[in-house]
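Residue numbering restarts at 1 for every chain, and letters A, B, ... go by the order of the sequence lines. What you are looking at is a predicted structure, and each value in this text was computed from that prediction instead of being measured. The basis for the numbers below is simple: all heavy atoms, side chains too, and nothing from hydrogens, waters or symmetry mates.
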Amino acid sequence: DVKVTQSSRYLVKRTGEKVFLECVQDMDHENMFWYRQDPGLGLRLIYFSYDVKMKEKGDIPEGYSVSREKKERFSLILESASTNQTSMYLCASSLYSGRRYEQYFGPGTRLTVT
Amino acid sequence: AQSVTQLDSQVPVFEEAPVELRCNYSSSVSVYLFWYVQYPNQGLQLLLKYLSGSTLVESINGFEAEFNKSQTSFHLRKPSVHISDTAEYFCAVSVHAGNNRKLIWGLGTSLAVNP
């Protein structure tokens, strides 16, 4: 089974802090994704990466950055956390080749910024 | 731009009743379609997918979805729901993103199964 793990299930940070959310997958997937999930807004794509050191902006990249130094790890960075970044953050991965387009998700990190 | 519309944000239903969660998409090219389920305080899990072939696809826990190209729909159905089916359900379509692919998501349907 594909396993996607996220470093924390719950996180509380103060406004202005730099926040790192880590995601690791163990199935050698090329693609990795970061989403945020808010009530009534569904899943919104923040950034995705299709290879090491490669990144692409999603629909709502403002206020976020990412890092992918190794294939299995994809980090989301909030340079200066703000209260409007309080949300559930979901990481996902998928294969690039073949027709396995489905994404596999981690359990999520619920971030509260106070 | 391609989009996915889930027509009901909330669906309340009694246990053992049938249910249909509706999903429509906009696309002029071949599509790959997915339903995901999210149980409370968990990440998303793939429920079923349509890539090609038979237009009726089934999951291991009794859900099925039918791809209807003419109506651009991929509705999810179950003939008899259980309390444990209470969850958020998301419909998604796979689209090109440069040389790769990403998923376009519906806003989700909250299924509440009552005893």
Side-chain angles (χ1 to χ4, degrees), chain A residues 1-10 21 23-25 27 29-51 54-61 68 88-110, chain B residues 1-10 21 23 25 27 29-53 57 59-60 65 67 74 87-110 112:
Chain A
D1 278 353
V2 175
K3 191 159 187 182
V4 181
T5 57
Q6 295 182 231
S7 50
S8 305
R9 290 299 305 274
Y10 300 94
L21 302 182
C23 175
V24 177
Q25 50 94 4
M27 284 299 290
H29 284 177
E30 293 88 354
N31 301 331
M32 297 188 75
F33 307 82
W34 274 107
Y35 296 91
R36 64 176 285 177
Q37 182 181 18
D38 300 287
L41 297 178
L43 276 73
R44 293 182 290 168
L45 182 63
I46 305 171
Y47 269 96
F48 65 102
S49 168
Y50 51 86
D51 201 353
M54 305 299 286
K55 61 184 179 183
E56 294 281 345
K57 292 181 179 179
D59 302 316
I60 52 162
R68 192 163 181 205
M88 170 71 91
Y89 290 87
L90 294 167
C91 176
S93 70
S94 73
L95 279 171
Y96 169 72
S97 59
R99 303 180 71 194
R100 300 286 300 278
Y101 302 123
E102 62 263 38
Q103 295 180 10
Y104 296 85
F105 283 81
T109 296
R110 189 167 294 280
Chain B
Q2 290 166 322
S3 65
V4 175
T5 302
Q6 292 185 240
L7 294 148
D8 307 290
S9 60
Q10 294 183 339
L21 308 184
C23 173
Y25 65 92
S27 175
V29 296
S30 297
V31 293
Y32 305 109
L33 296 157
F34 304 86
W35 275 101
Y36 281 80
V37 59
Q38 184 180 32
Y39 298 105
N41 297 314
Q42 294 186 27
L44 278 71
Q45 304 172 33
L46 180 67
L47 189 58
L48 45 77
K49 63 184 177 184
Y50 170 79
L51 301 181
S52 65
V57 290
S59 73
I60 58 173
F67 169 57
F74 192 53
E88 190 86 13
Y89 292 80
F90 292 92
C91 181
V93 60
S94 178
V95 301
H96 286 289
N99 293 325
N100 214 311
R101 299 187 77 92
K102 65 178 183 179
L103 294 178
I104 304 297
W105 296 87
L107 293 183
T109 296
S110 179

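- A distance of 8.0 Å separates CD of A:Gln103 from CZ of B:Phe34, quoted to the nearest 0.5 Å.
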Subject >> Steps toward side-chain contact (heavy atoms from CB on, under 4.5 Å) verdict (B:Trp105, A:Gln37) >> reply: CA-CA 11 Å; B:Trp105 296 87; A:Gln37 182 181 18; over 6 Å; no

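- A distance of 5.5 Å separates CG in B:Leu44 from CG in A:Leu43, rounded to the nearest 0.5 Å.
- Once rounded to the nearest 0.5 Å, the distance linking CD of A:Glu102 with CD of B:Gln45 reads 13.5 Å.
- For A:Leu90, the part lying near chain B is the side chain, with the backbone staying farther off; criterion is any non-hydrogen pair under 4.5 Å.
- Both the backbone and the side chain of B:Leu103 come within contact range of chain A, with heavy atoms under 4.5 Å apart.
- Distance check, rounded to the nearest 0.5 Å: CZ of A:Arg44 to CG of B:Leu107 gives 10.0 Å.
- Only the side chain of B:Gln38 comes within less than 4.5 Å of a heavy atom of chain A; its backbone N, CA, C and O stay farther away.
- Once rounded to the nearest 0.5 Å, the distance linking CE of A:Met88 with CG of B:Asn41 reads 6.5 Å.
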